[in-house]
Amino acid sequence: MGVSAALARYAGRRAHVLLAEVPGNWELRALVERRMFARGWCQAMSPADADILAVCGHPGPEFAGNVDLIWDQMPGPRVRVEVRDAGSVDSVLARAAAELLDTESQRRDAATRCATVEPHADDSGSSESHTGQQDSHHGGMDHGDMDHGGMDHGDMDHGGMDHGGMDMAPAGIALAEGADDRDGLEMDVLQMFLGPVLAYWPSGLVLKCCLHGDVLADAEARVLDAGFDSGRPVLPAQRAAPEVAARECDHITNLLALAGWSSAARHAREIRDLLLEEPSPTDRAQPLLEKLQRKLQRSWVLRWSLRDLARLSDADVEQHRLPTTLAGDTYDRLLAHVGNALALLSNQLENNAFGADADDITTALPDLVRGLEMASARLVVASLGVDIAPAESGSRG
Amino acid sequence: MADGTTMVSSVWALAAAALLGALGLYAAVVDGALTARSSGAAANGATTPLVETARLLRQRRRTTVAADTLLWRVGGGGLIAVALLMITVVPLGHWTLFDLDVGVAWFNAMDVMVWALVWLVGWGPNSVHSLVGGYRFLAHGLGYELPLMFALVAPAIAAQSLRVGTVAAAQHGLWFAVWMPVAFLGYCLGVVAFSVWGPFSPALGTDIAGGVAAELSGVDRLVFQAGRYLLLSAGAAFAVPMFLGGGAGPLLPEWVWVLVKTVVVLTVLVWLRRRVPAWRPDKFMEVGWMALLPAVVVQDLVVAIVAVWRG
């Protein structure tokens, strides 16, 4: 056995998987997570870190475009798979593992590409076909890095080509323009997109950010593939309480992971998996959830980190037409999610009190994150528990 | 010198590097095992670092558009170099590679280099998330560096020397960690911070897609991660002569004691990682300047008074 084959076998034991969740497929994504962790694999944070790109669900046209861009940025050996339904998860992952180990085909794949992802010269028109990670370089064309050459660049979306003729675009990257930041100092302005494929980010949501340094001077939210008919059956309005509670636990996991508390995030994820997996999970999940609640309440570091972030008064909540449970600061919202999940499990709630409408959230989001730095903005978005439901195919006939 | 450290031939630098590598590997193994145990993963976590190494060796290197490749690579490789330079002044029992009369300042200079190196790794790929990560590290640096410097001052005042061997020898019977706990704590925080470890890892945050490491792949990522583990190990090793009595201990030879103490400190630092949420740089700045720095300076004052009174 050759060295490369041995290396491959060894390396394949811990594949890093970049999850691209098509809106409305969070349960499928949760299942993929569960199965890949069971294989000893882990989640990738960026395309550079990924071996396997797993698309969960049936992507719409815009989403598929994003996935292609991410695929271009993966270093290789790389495998791309699409998980359509819960039944095929294991077989798809097994196939991905086998492909990853196939050194010959990986070599062939590598031979067909160059090391650097060139900006797509003809990418115009797809102004928002970017993901959080990839903008960073792929998006070279839409926005250079703010420091790029110290020069500045148009904050228009496709700067690369629009400005290409001005000879002010090194490596195809347009230069940034300046604007006054929140303290009145002139700063370079950088356009970037958060989402749709970004770990711990609500799938399907794209936040177009206007950055001063890492401060969001302005933002614009939209939902990807809005109105795309994924062909999924319309979900019943009333969902089983454990399922809704599991969704809450997923939101809690995201927020804790972003807060950099991996052990607590894992705790929340285990509760979520329990709720999804077991036939009657309530009895076992409840004490675990209460334990998590105590853990979160006791942690002063967490409180100190999340306090006063995007505090919403009752009036704000009403003005943005958000559910009243979202009032308070990010720490309050975290605990409210836990409380909500607990209430759901003990049947005190008929349905999800957090069921905010995706449209209301996208309308309110820019106001909530404006002026925050990126870390805080991510925490705030996670605390809102955004759930972009798939387009209702029923309403479209 | 009373402390009796002898400088060994520079050939031993290779052995020191191997030793540091072993410590770094140990830290990675412990971290992998702890992660696997707490998540109940099927795989044996202790092999994680080896599997990851194999994986990264097999992965292609990758560049980005208009990357500053030279500085990017300098940043990653520099971390390993700095860790190696740090341990040149750490005596292993009697032996030291570099018996510098300002060894403490040397260590401090090396840890300040980490500022530039981590930032360069963030700057290199010409990527938003990486650069945000790089600046987050600098923001943390503003919070941790001064407390770390003043923490290093305390043992030097007590020993009335900046020579590491002399500082170790000055602790006959009573470790500096015992009677200057605040300085010890400040030092340990500094080590965790310059290794971009645990609560000081927002520079590598999940919220910015891996931050400084967002665009690293293949051998570049391997070098960067190895650098972090080596820095953590070097920091743990330097704590031994500074605060934990150097090679002092019963029965075993001195060099064994140094290693045992290093391993214990390293294990605690690795174990603590998952216990606490990340400290956001903007929030930590407040703690660093309002609480930690005054506390460490008061510690220095107390140590100075004791030193004068002892005469």
Side-chain angles (χ1 to χ4, degrees), chain A residues 4 7-8 10-11 13-15 37-40 45-46 48-49 51 73 75-77 110 115-119 132-133 135-138 140 144-148 170-173 190 192 198-200 211 213-214 257-264 266 299 301-302 304-305 373-375 378-379, chain B residues 35-36 38-44 47-48 50-67 123 125-132 135-136 199 201-202 204-211 213-218 221 273-283 287:
Chain A
S4 59
L7 206 60
Y10 214 49
R13 281 164 48 181
R14 195 174 160 81
F37 288 137
R39 285 169 166 268
M45 285 299 130
S46 67
D49 183 31
D51 304 307
Q73 297 169 39
T116 310
V117 178
E118 294 301 333
Q133 300 99 316
D135 283 326
S136 5
H137 55 106
H138 182 98
D145 217 0
M146 52 193 149
D147 305 276
H148 194 338
I173 300 174
L190 173 70
M192 76 165 300
L198 189 58
Y200 312 117
L211 291 179
D214 72 338
L258 291 175
W261 196 5
S262 55
S263 69
R266 193 164 48 237
S299 169
V301 179
L302 187 72
W304 165 71
S305 168
E373 44 125 0
M374 218 195 291
R378 288 292 311 266
L379 290 169
Chain B
T35 308
S38 60
S39 63
N44 178 10
T47 58
T48 304
L50 297 176
V51 173
E52 283 286 347
T53 306
R55 179 183 158 265
L56 291 173
L57 285 176
R58 189 169 178 254
Q59 197 171 55
R60 293 176 85 205
R61 277 178 117 170
R62 163 179 181 282
T63 44
T64 51
V65 174
W123 156 268
N126 188 24
S127 150
V128 185
H129 285 130
S130 296
L131 195 64
V132 169
Y135 278 107
R136 278 192 193 176
S201 56
L204 306 171
T206 49
D207 57 335
I208 44 174
E215 306 291 351
L216 291 170
S217 74
R221 181 177 289 262
R273 173 173 89 104
R274 63 208 73 249
R275 301 272 121 191
V276 269
W279 295 344
R280 285 173 38 217
D282 48 336
K283 294 272 180 178
V287 178

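Reminder, nothing fancy here: chain letters follow the sequence lines and each chain counts from 1.
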Open item on the list: The test is side-chain contact (heavy atoms from CB on, under 4.5 Å); show your working for B:L204 and A:M45 and say whether it passes.
Closed with: CA-CA 10 Å; B:L204 306 171; A:M45 285 299 130; over 6 Å; no

Open item on the list: Among B:P202, B:A213, B:A214, which residue has the highest count of heavy-atom pairs closer than 4.5 Å to chain A?
Closed with: B:A214

Task: Option that, when pairs with chain A are counted at under 4.5 Å, heavy atom only, ranks first among B:K283, B:R55, B:R273, B:R280 - done: B:R55

For [X], is it the side chain, the backbone, both or neither that has a heavy atom under 4.5 Å from a heavy atom of chain A?
X	answer
B:L50	both
B:R136	side chain
B:R58	both
B:S201	neither

- [ ] Taking all non-hydrogen atoms of both residues into account, name the closest pair between A:V301 and B:A278 and its distance.
- [x] CG1-O, 4.4 Å

- [ ] Identify the two heavy atoms, one from B:A209 and one from A:L198, that lie closest to each other, and give their separation to 0.1 Å.
- [x] CB-CD1, 4.2 Å

Task: Whether B:T206 side chain and A:A257 backbone form a donor-acceptor pair below 3.5 Å - done: yes

Task: Check: A:Q73 main-chain N/O paired with B:R62 side-chain donor or acceptor under 3.5 Å - done: yes

Return the option, out of [options], with the maximum number of heavy-atom pairs under 4.5 Å with chain B.
options	value
A:P75, A:G260, A:S263	A:P75
A:A8, A:A15, A:S262	A:A8
A:S299, A:A259, A:A264	A:A259

Do [X] and [Y] come within less than 4.5 Å of each other through their side chains, counting heavy atoms only?
X	Y	result
A:M374	B:D207	no
B:T53	A:Y10	no
B:Q59	A:D51	yes

TODO: With rounding to the nearest 0.5 Å, note down the distance linking OG in A:S46 to CD1 in B:I208.
DONE: 11.0 Å

